[in-house]
S.K.: 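Attaching a single structure in structure tokens format; questions to follow.
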There are 2 protein chains.
Amino acid sequence: MIQHNGGGIVLQVDIKSSKPIYKQIMDQIKEGVVKGVFQPGDKLPSVRELSTMLTINPNTVSKAYQELEREGAIETRRGRGTFIVENYKPQADPDRLGQLNDLLKKVVVEAYYLGLSKKELKQMLADLYAKLGGARL
Amino acid sequence: MIQHNGGGIVLQVDIKSSKPIYKQIMDQIKEGVVKGVFQPGDKLPSVRELSTMLTINPNTVSKAYQELEREGAIETRRGRGTFIVENYKPQADPDRLGQLNDLLKKVVVEAYYLGLSKKELKQMLADLYAKLGGARL
DNA sequence: TCACGTGTACCATACCGCCTAGTACGCATG
DNA sequence: CATGCGTACTAGGCGGTATGGTACACGTGA
């Protein structure tokens, strides 16, 4: 578990996880935005800097940044760096909406197999909203 | 998209999907149990039969069945076949509970990036419960 | 102007999960 | 004993992921 704390931001990567490193970075940045840890316009660590901090390859960081930009979450300015997008406009993408529905369906099925009632799952969801986005959501 | 319909059960597999085939089988069987399409004690297709129907390798089906048995969802009886477990007793597995929480967290973050409000997500969850387990959940 | 930091684009290599193919074994049923 | 069943094992191919290295294009600031 390698950690990076530069200027208040905290990113950590688990090399041993089955989840790809570039996806770990993506998820943490998006979660950080929701939490408010990353503010619109904030500068992210440079590709080389973050790769050094996490002792991973620059290409891996670059891949994470490219995917995030493709999703519209961040933007890159050549020669300047990578930044959290300002005034993010969500678009009702049918594909991503379907994926979200599938993901949520999986949650419901898993909850059943863990013995969680509908009420308990709703509570879990409420707790997450409280924990993640006090003001934002 | 290959489909199998034997005795009322319907399983389909998308070879081109990035999701592993054995996981597709696992998810569909678990979803089928929640829906009630599969009843406790029901016999699943044999490894060879299902592999033939889906035109995939028997080992792939076997892997799906083994994982499902490890999760306690199904049980195999040597020489007889594979069956949906009767009287399934959910166990409060802390690991799986943590994974469920992570999955739900991802849902919340994705929902934010799709512009879905907390209310809309809760509605989506309610719809899924209605669609999946009318009586069971 | 020029050095520097930035993201980007290649290429080659290695590793690992997934899937296939084939063969063989142990067990329960009829 | 023949059949159907799950299981185990080996070998190989394929694609995604990550690494290592090099090179290029662009914007900034001295």
Side-chain angles (χ1 to χ4, degrees), chain A residues 1-2 4 6-7 9 11-29 41-85, chain B residues 1-2 4 6-7 9 11-29 41-85:
Chain A
M1 198 75 92
I2 304 154
H4 165 239
I9 63 174
L11 289 178
Q12 41 189 335
V13 157
D14 182 7
I15 303 293
K16 302 160 72 176
S17 167
S18 64
K19 176 191 262 189
I21 296 177
Y22 81 96
K23 281 189 180 176
Q24 293 183 41
I25 296 174
M26 290 177 65
D27 287 347
Q28 286 183 47
I29 290 178
D42 275 2
K43 185 179 184 304
L44 290 168
S46 77
V47 169
R48 289 173 180 79
E49 181 184 4
L50 185 54
S51 69
T52 302
M53 294 296 108
L54 300 178
T55 55
I56 59 176
N57 195 278
N59 292 328
T60 304
V61 178
S62 181
K63 182 169 185 176
Y65 281 5
Q66 285 179 45
E67 288 297 305
L68 284 171
E69 183 166 30
R70 195 182 54 79
E71 291 186 2
I74 68 177
E75 64 182 350
T76 67
R77 307 173 195 159
R78 293 212 127 197
R80 295 212 43 207
T82 308
F83 303 83
I84 305 293
V85 146
Chain B
M1 197 75 91
I2 304 153
H4 165 239
I9 64 173
L11 289 179
Q12 40 189 333
V13 158
D14 182 6
I15 304 294
K16 301 160 72 177
S17 167
S18 63
K19 175 191 262 189
I21 297 177
Y22 80 96
K23 281 189 180 177
Q24 293 183 42
I25 296 175
M26 289 177 65
D27 287 348
Q28 286 183 47
I29 289 178
D42 274 2
K43 185 178 183 306
L44 291 168
S46 77
V47 169
R48 287 174 180 79
E49 180 184 4
L50 184 54
S51 69
T52 302
M53 293 298 107
L54 301 177
T55 55
I56 59 177
N57 195 278
N59 293 328
T60 304
V61 178
S62 181
K63 182 169 186 176
Y65 281 5
Q66 285 179 46
E67 288 297 305
L68 285 171
E69 182 167 30
R70 195 181 53 80
E71 291 186 1
I74 69 178
E75 66 182 350
T76 67
R77 307 174 197 158
R78 292 212 131 199
R80 295 212 43 209
T82 307
F83 303 83
I84 306 293
V85 145

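Naming convention: chains lettered A, B, ... in sequence-line order (proteins, then strands); numbering from 1 in each chain.
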S.K.: Given D/dC5, is OP1 or OP2 found less than 4.0 Å from the side-chain N or O atoms of B/Thr82?
M.R.: no

S.K.: Please report the closest heavy-atom contact between B/Gly41 and B/Phe83, naming both atoms and the distance.
M.R.: O-CD2, 3.6 Å

S.K.: Which pairs with one or both residues in residues 55-67 of chain A pass salt bridge (charged side-chain N to carboxylate O under 4.0 Å, His left out), sequence neighbours excluded?
M.R.: A/Glu67-A/Arg70

S.K.: Generate the contact string for nucleotides 9-18 of chain D. Rules: B means base contact, S means sugar-phosphate contact only, - means no protein heavy atom under 4.0 Å.
M.R.: B-------SS

S.K.: Between A/Ser51 (side chain only) and A/Val47 (backbone N and O only), is there a donor and an acceptor less than 3.5 Å apart?
M.R.: yes

S.K.: Whole angstroms only, please: what is the CG-C1' distance between A/Leu44 and C/dG5?
M.R.: 16 Å

S.K.: Please list, in numerical order, the residues of residues 66-76 of chain A that have a heavy atom closer than 4.0 Å to any atom of DNA chain D.
M.R.: none

S.K.: Using side chain to side chain donor-acceptor pair (under 3.5 Å) as the criterion, list what pairs up with B/Lys19, not counting sequence neighbours.
M.R.: B/Asp27

S.K.: Do A/Ile84 and A/Ile29 have side-chain heavy atoms sitting under 4.5 Å apart?
M.R.: yes

S.K.: What are the two closest non-hydrogen atoms of A/Met26 and A/Ala64, and how far apart are they?
M.R.: CG-O, 3.8 Å

S.K.: Can you build the contact string for nucleotides 23-30 of chain D? Use B for base contact, S for sugar-phosphate-only contact, and - for no protein heavy atom under 4.0 Å.
M.R.: B-SBSS--

S.K.: Just verifying a value: how many Å separate B/Tyr65 OH and B/Thr76 OG1, rounded to the nearest 0.5 Å?
M.R.: 11.0 Å

S.K.: Would you please test A/Leu54 and A/Ile21 for side chain to side chain contact (heavy atoms under 4.5 Å, CB included) and show each step?
M.R.: CA-CA 10 Å; A/Leu54 300 178; A/Ile21 296 177; 5.9 Å; no

S.K.: Grab the two heavy atoms, one from A/Pro45 and one from A/Leu50, that are nearest each other, plus how far apart they are.
M.R.: CB-CB, 3.9 Å

S.K.: Answer whether the closest heavy-atom distance between the side chains of B/Leu68 and B/Leu44 falls below 4.5 Å.
M.R.: no

S.K.: Name all residues meeting the side-chain contact (heavy atoms from CB on, under 4.5 Å) criterion together with B/Asn59; count only those two or more places apart in sequence or in a different chain, and write none if there are none.
M.R.: B/Asn57

S.K.: Starting at atom NZ of B/Lys43, determine the distance to atom P of C/dA28, rounded to an integer number of angstrom.
M.R.: 16 Å

S.K.: To the nearest angstrom, how far is A/Leu50 atom CG from D/dT19 atom P?
M.R.: 12 Å

S.K.: Quick one: is A/Ser46 getting a side-chain N or O under 4.0 Å of the C/dG5 phosphate, OP1 or OP2?
M.R.: no

S.K.: Rounded to whole Å, please give me the gap between NZ in A/Lys16 and C1' in C/dG17.
M.R.: 18 Å

